[in-house]
Amino acid sequence: MEQEREPSKAPAPFLSPYNPLETEQKILQLWESADYANPDTMVAKGLTKTDAETYSIVLPPPNVTGTLHMGHAAMLAIEDILIRYNRMLGKRTLWVPGTDSAAIATQAKVEDEMYKKEKKTRHDIGRDELLKRIEVFTEESKATIINQVKKMGSSLDWSRYAYTMDETRYKAVMEAFVRMYEAGLIYRGRRIVNWDPKLQTTVSDDEIEYKEQKDPFYYFKYGPFVIGTVRPETKFGDKYVVMHPDDARYAEFAHGQQIDLEWINGPITATVIKDEAADMETGSGVMTITPSHSGIDFEIASRHGLDIEQVIDERGILLPIAGEFAGQHIKKARPMIVEKLKAKGLIEKIDENYVHNVSTNSRGGGVIEPQIKLQWFIGVDKEFSIPHSEMTGIATGSKTTLKKMMRQAVESGDVKIAPERFERVYYHWTEILRDWCISRQIWFGHRIPAWYRDDETYVGTQAPEGEGWVQDPDVLDTWFSSGLWTFSTLGWPEKTDDLKTYHPTSVLETGYDILFFWVARMVLMSGFLTGQVPFKDVYLHGLVRDGQGRKMSKSLGNIIDPLDMISKYGADATRLSLIIGAQPGNDLKLDENRVRGYKNFANKVWNITRFVLENTDGTEASLNAADEKLLAEAMELAAAVSDNIGKFRLDLAADLVYHYVWHRFADEIIEESKTVLKGTDEASLASRRSVLYRILNIFLRLLHPFMPFVTEAIWQELPVKDTDQLMVAKWPRA
RNA sequence: GCACCCUUAGCUCAGUUGGUUAGAGCGUUCGAUUCACAUUCGAAAGGUCUCAGGUUCGAAUCCUGAAGGGUGCACCA
C-alpha cells in the first residue's frame, strides 16, 4: 500500500514528472543573479583566468519590432551551445546581445498601421513626428523580443546590450562613413538604382527578389526592324536601335546611321548602335533601349555617350516625353499605348503567355522601377591603401580594393566558412558585386552625415559651422550599420578593452540566407575600418521549415511558435529539437512530435538522477575494474562530443549524449546496477555507487550546453559538486 | 543558362578516410509493469540505400551519366 512505502531517500525537489515550465523560471533567476554570462564577473570571481583564451560571439540582432520565430530559436540554441561549451572549457567567453532597428521594415510597419488607423501618411505628420512614433513602437517591442530571447536560456551578457540606433552605435556609423568617404570609398553619384515606387526609396541589389509573372510580350514594328517588349510604356524615349556588330542580317545598317520612322506619338529619327550586348539569338536580334529605366540599357548608353531621358517619375507616372499619355500611371497607360500602336498598325504580333521575372523589393513588396538618381555608393572596385591591416597577405599601407580584400580574407583562411561549400558561393558573389548603393529615402535610420550649400559638400561627424548648410535627407541602408556589428558592439571607434580582448570574434553564426547581406559586408567594413577580419569562423545554419518541408508562413498557417513550444514542452526540449537532425547548412524539418519526444528525454534525465541519488550520496570510492571501464566509456563519450562540437556538428554531438544517457546509461548500466546493488560485498557496492555518481556528473556537464535548464536544476540538488552552478563547471576532459 | 544541395524503413534523418548481417528516433503491431521513470520497458514487422553504367577482392560511401525535388546567381529586348 502507498502509505507503507519507505520514504524516498531522494531529495524532495525530484517530483514526478519533471516540470519544465516552473523549473525554467527559477533557473533563469538563478543565472541572472550570479551574472556568470558576464566574463568580467567570471574573472572577478576567479572562475576564469585573466589571461585565458578568449571566445566571443556577437548575436545576430533580431529586429526590434519582431517576435521570436523558430529561426531565432535555432540561432539562439546553436550559439548558446557554443558559448556554454567554451565557457566550460575555461575560456574567457563573451556573447554580446543586441537588437536591430531594421530601418525599412520598421518604418513601413509603422506607416502601414498609421494609414490603416488614421488614413495618414508620413508626409501628413512630418519627419520628427514619424520618428517619435517609431521610437514609441520600437521601445515597446524591444522589451518583447528581449524577454523572448531570455526564455530560450541564452547566456548572453546583457550588461553589453547594443541597439543599432543607440548612441554608441550611432557614433560608430558616423565615424565609419566619414573615414570611408575620406578614403574615397564612399562617393555620391548619379547612377541607375533600384527604385521602389511603393516605399519611395532605393534598395540594394541584394534586397531584390525576383517573382515569376505572366505578361503579354509585344513585337512592334520599329521602322525596318521588329523589337520586342513587355513594357510598352517605357518605349517613348527609345531613339536608339541596337544590334550586334557581327549580325549578318543587319550588315547593311551602319553604326550611327539615322533612320526616320513612325513611332507611338508620331515620326522620330532613330540612330543605329552596334553593341555586343545585343544577343543575336534573342528575338529579332534588335532592341531599342531605355537607358533611364534599365541597367543594361544604361550601360550601353553610357558606353556610347547617348542621351538619357527619364520617362517615368518616382511614383510611376509618365512624364511629358510620353505626349498624350503624360500624367498617367504606367499601369493604366500600358493597355492604352498598346491600343494606339495597334491602331497605327505597328504591332507585329503578341505572345500572350510570356513568363518572365519581375524584380520586387523583398522588404515590402513594391515592383522595382530602375531610375537614375543621385545617391551615395560604396565603391567596391576603387583602389585605396589600407590604413592598418592585421590580415594575412594584406600589408598595412598596401594597395587593394574592397572586393579584393573580401576575397583575400577567405582565401587566406583568416575567415573559414562552414559548411565549406559556401565559400564558393561567397567568392562568386564578390566577383559579380557592383558598387553598393547605401542611401535610402526613408526617415528612420542613421542619417547621412553630409551637408550641402550651393555647390559645396561637407562630410563630417558633426554639422559644419556657418549658415545655410542643409543636411542630406537620406538615411543609410540598414546593412551599413550591421556591417560594423562585430566591432561597434565592442565600443569602436574608441579603443576599448573589449575591442582589444574580443575582436576579431571567434564565430559568426547565422542563416545561410544572409551570407551576402551581412557576412560579406562585415568582412568589408571590418577589414577597412579595423584592419581585422570580423570573425575567424562563419557557421551557417539552415532554415527551419515545417514538418513537410514548407517554409513557415502566416498564409500557410503552419507556423510553429517557439514560445508555444517552450510553454508546452520546455526550452530544453525546444532547443534539442532544433539541434538534433539539423546538419550544418541544410534546412531542418520541425515536427511538434519531436519536441514532445525531447521533453520525455528531459524527464528521463530527471528520473535517472532520482535513481542515482536514492542509491548514493556522492561519496568517492576506489573503483573496481568493471566500474573503471564504465567510467572510461563515459570519458570516451566526452571526447567524441567535444570533437563534434569542434567541427560544428552539434547535431551529432547532441545525439551521442542523448543516446548514451538513455540507451546505455539508463537501459543498461542502471538495470545492471540494480542487481549489483543487491550484493553484499562492501567494496563492490561502494565502487558501483561512486561510479554511478561520477558518470551522472559527467553527462550532466556534457548535456548542459544542449539542455541547460534541466541539467542546472539537477546540479542544484547534487550533494557533492565543485561549483555552485553547472554553467561554470569544468568540461570533462581526460 | 550556370552553380550548389537533397534523394537510405511509412515519416524525419545518422551512416566521418570504401570493409562483416545498413542504423536511430517517431509511427505501427504484440507483450510487460507494486521496481527511478506509463513522459516507461521488452520485442517484432518494415530497405532494389532514386535509376543506369564504371572503378575495386569489396560500393549507401569513389567516378560518369540520367531522373525527381529544392536553393542561389545570371538572363529577362
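Lettering of chains follows the sequences in order, A, B, ..., and the numbering in each one begins at 1. What you are looking at is a predicted structure, and each value in this text was computed from that prediction instead of being measured.
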Looking at residues 656-672 of chain A, who's got a heavy atom less than 4.0 Å off RNA chain B?
Trp662(A), His663(A), Ala666(A), Asp667(A), Ile670(A), Glu671(A)

Considering only atom C1', compute the distance from U7(B) to A44(B) and round it to an integer number of Å.
28 Å

Looking only at the side chain of Leu652(A) (C-beta and beyond, no hydrogens), which of the listed nucleotides U71(B), A36(B), G15(B) gets closest?
G15(B)

Could you tell me the Watson-Crick or G-U partner of U7(B), where both distances fall under 3.5 Å? Say none if there is no partner.
A67(B)

Within the structure, does a side-chain N or O atom of Lys589(A) lie under 4.0 Å from either OP1 or OP2 of C13(B)?
yes

If you check the Lys604(A) side chain, which of A36(B), C4(B), A77(B) turns out closest?
A36(B)

Decide whether a cation-pi geometry holds between Arg424(A) and Trp429(A); the criteria are a distance under 6.0 Å from NZ or CZ to the six-membered ring centre and an angle within 45° of the ring axis.
no

Distance, nearest 0.5 Å, that separates CG of Leu540(A) from CG of Asp513(A)
9.0 Å

Please say whether the positively charged group of Arg191(A), taken as NZ for Lys or CZ for Arg, lies over the ring of Phe298(A), i.e. under 6.0 angstrom from the six-membered ring centre and within 45 degrees of the axis.
no

From CG of Asp205(A) across to P of C73(B) the rounded distance in Å is 11 Å

In whole angstrom, what separates Leu590(A)'s CG from C13(B)'s P?
11 Å

Integer-rounded Å distance: G72(B) C1' and Leu433(A) CG:
16 Å

Compare the minimum distances between each of C73(B), A77(B), C37(B) and the side chain of Arg610(A), then state the nucleotide with the smallest one.
C37(B)

At 4.0 Å (heavy atoms only), tell me whether Gly597(A) reaches a base, stays on the sugar-phosphate, or touches nothing.
nothing

Taken to the nearest whole Å, NZ/Lys551(A) to P/G72(B) is 6 Å

The single option from Glu671(A), Glu672(A), Glu636(A), Glu633(A) that satisfies salt bridge (charged side-chain N to carboxylate O under 4.0 Å, His left out) with Arg664(A) is Glu633(A)

Over how many whole Å does the gap from Tyr354(A) atom OH to C75(B) atom C1' extend?
9 Å

C76(B), G15(B), U16(B): which one has an atom nearest the side-chain heavy atoms of Asn357(A)?
C76(B)

Check the angle between the aromatic planes of His304(A) and His255(A) and answer parallel, tilted or perpendicular using the 30° and 60° thresholds.
tilted

Which is true for Ile432(A) with a 4.0 Å heavy-atom rule: it touches a base, it touches only sugar-phosphate, or it touches nothing?
sugar-phosphate

Residue Arg421(A), side-chain atoms from C-beta onward, closest of U16(B), C4(B), A36(B):
C4(B)

At 4.0 Å (heavy atoms only), tell me whether Arg424(A) reaches a base, stays on the sugar-phosphate, or touches nothing.
sugar-phosphate

Tell me which nucleotide among A36(B), U16(B), C4(B) gets nearest to the side chain of Phe611(A).
A36(B)

Given A77(B), C75(B), G15(B), which nucleotide is nearest the side-chain atoms of Val230(A)?
A77(B)

A36(B) C1' sits how many Å from Leu692(A) CG, rounded?
12 Å

Nucleotide nearest Tyr210(A) when distance is taken to its side chain, options C26(B), C4(B), A74(B):
A74(B)

Heavy atoms under 4.0 Å, any strand shown: does Ala573(A) hit a base, just sugar-phosphate, or nothing?
nothing

At under 4.0 Å, does any side-chain N or O of Asn600(A) touch on OP1 or OP2 of C37(B)?
no

